[in-house]
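Along the sequence shown, the residues carry numbers beginning at 1.
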Amino acid sequence: MAVTLRDNAVFEAGIKLGALYHQFVGTPLSLHTVDGLEKAIAQSISVQPYVKSITVHIDREMVKESLTSFGYTELKGTMLKVDATIKYENHEVSVGLSLKDGYPLMYIKDVKET
């Protein structure tokens, strides 16, 4: 079976979420740096090929609950909610990353031909 443009579009979307997750999980953060980290993650991923849009949200309540006595914690995958749209050739893939049953699940929301 030949690889299709749709297959490549979905692959690109998965690569973006995987790169985001493994690049940024473990990053030190505090309640004062959450906004900046969200923007940095989104900007970093948005410069990669085929990214049409991306939004990143870090759960501030989870950050607050994880703070050490030094006033910071590290980013955990469970704290992330990400929505992204990848456009590859004539296909647009909408993907997400969010907490599902205690696990930071990456998933395809929609694939459409444009």
Side-chain angles (χ1 to χ4, degrees):
M1 175 186 283
V3 175
T4 67
L5 291 175
R6 184 181 191 278
D7 296 335
N8 280 316
V10 172
F11 175 78
E12 284 294 336
I15 290 295
K16 303 315 181 238
L17 289 181
L20 180 154
Y21 189 90
H22 292 291
Q23 181 178 355
F24 290 100
V25 166
T27 300
L29 80 153
S30 71
L31 289 172
H32 302 289
T33 63
V34 173
D35 290 343
L37 184 56
E38 285 173 337
K39 289 176 188 169
I41 293 170
Q43 288 175 340
S44 174
I45 301 304
S46 72
V47 300
Q48 294 181 27
Y50 314 116
V51 177
K52 183 176 178 183
S53 66
I54 184 164
T55 58
V56 176
H57 174 75
I58 298 170
D59 186 313
R60 281 143 178 83
E61 193 58 38
M62 291 179 100
V63 172
K64 186 177 179 181
E65 291 169 3
S66 298
L67 292 174
T68 67
S69 59
F70 298 106
Y72 84 102
T73 187
E74 62 183 45
L75 181 64
K76 297 171 185 69
T78 54
M79 296 173 176
L80 287 168
K81 181 175 184 333
V82 178
D83 294 294
T85 302
I86 308 307
K87 179 146 176 49
Y88 182 87
E89 299 286 334
N90 62 332
H91 288 83
E92 203 167 276
V93 181
S94 177
V95 292
L97 183 158
S98 62
L99 190 61
K100 302 282 185 195
D101 296 326
Y103 184 79
L105 184 66
M106 297 176 199
Y107 53 94
I108 301 167
K109 296 192 285 185
D110 188 40
V111 181
K112 59 185 173 185
E113 197 166 343
T114 57

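Salt-bridge annotation for Asp59 and Lys64: absent, with no side-chain N of the basic residue lying under 4.0 Å from a carboxylate O of the acidic one. Under 4.0 Å is where a charged nitrogen must lie from a carboxylate oxygen, and between Lys81 and Glu38 no such pair does.
Separating the CD atom in Glu89 from the CD atom in Glu113 is a distance of 11.5 Å, to the nearest 0.5 Å. In this structure, NZ in Lys76 is found 13.0 Å from CG in Leu99, a value given to the nearest 0.5 Å. Put simply, CD on Gln23 and CG on Leu75 are 11.5 Å apart, with the number rounded to the nearest 0.5 Å.
Under the 4.5 Å side-chain heavy-atom criterion for Ile, Leu, Val, Met, Phe, Trp and Tyr, Ile15 and Leu80 are members of distinct hydrophobic clusters. With hydrophobic clusters built from ILVMFWY side chains whose heavy atoms lie under 4.5 angstrom apart, Leu5 shares a cluster with Val51. With hydrophobic clusters built from ILVMFWY side chains whose heavy atoms lie under 4.5 angstrom apart, Ile108 shares a cluster with Tyr21. Neither Ile86 nor Phe11 shares a network with the other; the hydrophobic side chains, linked directly or stepwise wherever heavy atoms of I, L, V, M, F, W or Y lie under 4.5 Å apart, form separate groups for each. Ile58 and Leu105 fall into different hydrophobic clusters, where Ile, Leu, Val, Met, Phe, Trp and Tyr residues are linked whenever their side-chain heavy atoms come under 4.5 Å apart, directly or through other members.
No side-chain heavy atom of Leu29 sits under 4.5 Å from any side-chain heavy atom of Tyr72. Counting heavy atoms from C-beta outward, Glu74 and Ser66 have side chains that stay 4.5 Å or more apart. Residues Thr27 and Leu37 have side chains in contact (heavy-atom distance under 4.5 Å, counting atoms from C-beta outward). Residues Glu12 and Val93 are not in side-chain contact: their nearest non-hydrogen atoms beyond the backbone lie 4.5 Å or more apart. Contact check for Val95 versus Lys109: no side-chain heavy atoms found under the 4.5 Å cut-off.
Not one N or O on the side chain of Thr85 forms a donor-acceptor pair closer than 3.5 Å with the backbone of Lys52. Not one N or O on the side chain of Ser44 forms a donor-acceptor pair closer than 3.5 Å with the backbone of Ile41. In terms of modelled atom types and a separation under 3.5 Å, the side chain of Asp7 and the main chain of Thr4 share a donor-acceptor contact. Between the side chain of Lys16 and the backbone N or O of Pro49 there is at least one donor-acceptor pair closer than 3.5 Å. Without hydrogens or angle criteria, Thr33 side chain to Gly36 main chain gives no donor-acceptor distance under 3.5 Å. Under a 3.5 Å cut-off, the side chain of Thr114 and the backbone N or O of Asn90 do form a donor-acceptor pair.
Annotation: Lys39, atom NZ; neighbour count of heavy atoms from other residues, nucleotides and ligands within 6.0 Å does not exceed 12. For Tyr107, the OH atom sits in a packed shell: over 12 heavy atoms of surrounding residues, nucleotides or ligands are nearer than 6.0 Å.
Taking each heavy atom of Leu97 and Pro104 in turn, the nearest pair found is CD2-CB, 4.4 Å. Residues Gly71 and Ser30 come closest through the heavy atom pair O-CB, 3.3 Å. Across Asp83 and Gly96, no two heavy atoms sit closer than the pair OD1-CA, 4.3 Å.
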Intermediate values then yes/no, side-chain contact (heavy atoms from CB on, under 4.5 Å), Leu17 and Val82: CA-CA 8 Å; Leu17 289 181; Val82 178; 4.0 Å; yes
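The ring-ring contact (aromatic ring centres under 6.0 Å, His included) contacts involving residues 25-60 comprise Tyr50-Tyr88, where partners must be two or more places apart or lie in separate chains.
Residues passing the side chain to side chain contact (heavy atoms under 4.5 Å, CB included) test with Val47, sequence neighbours excluded: none.
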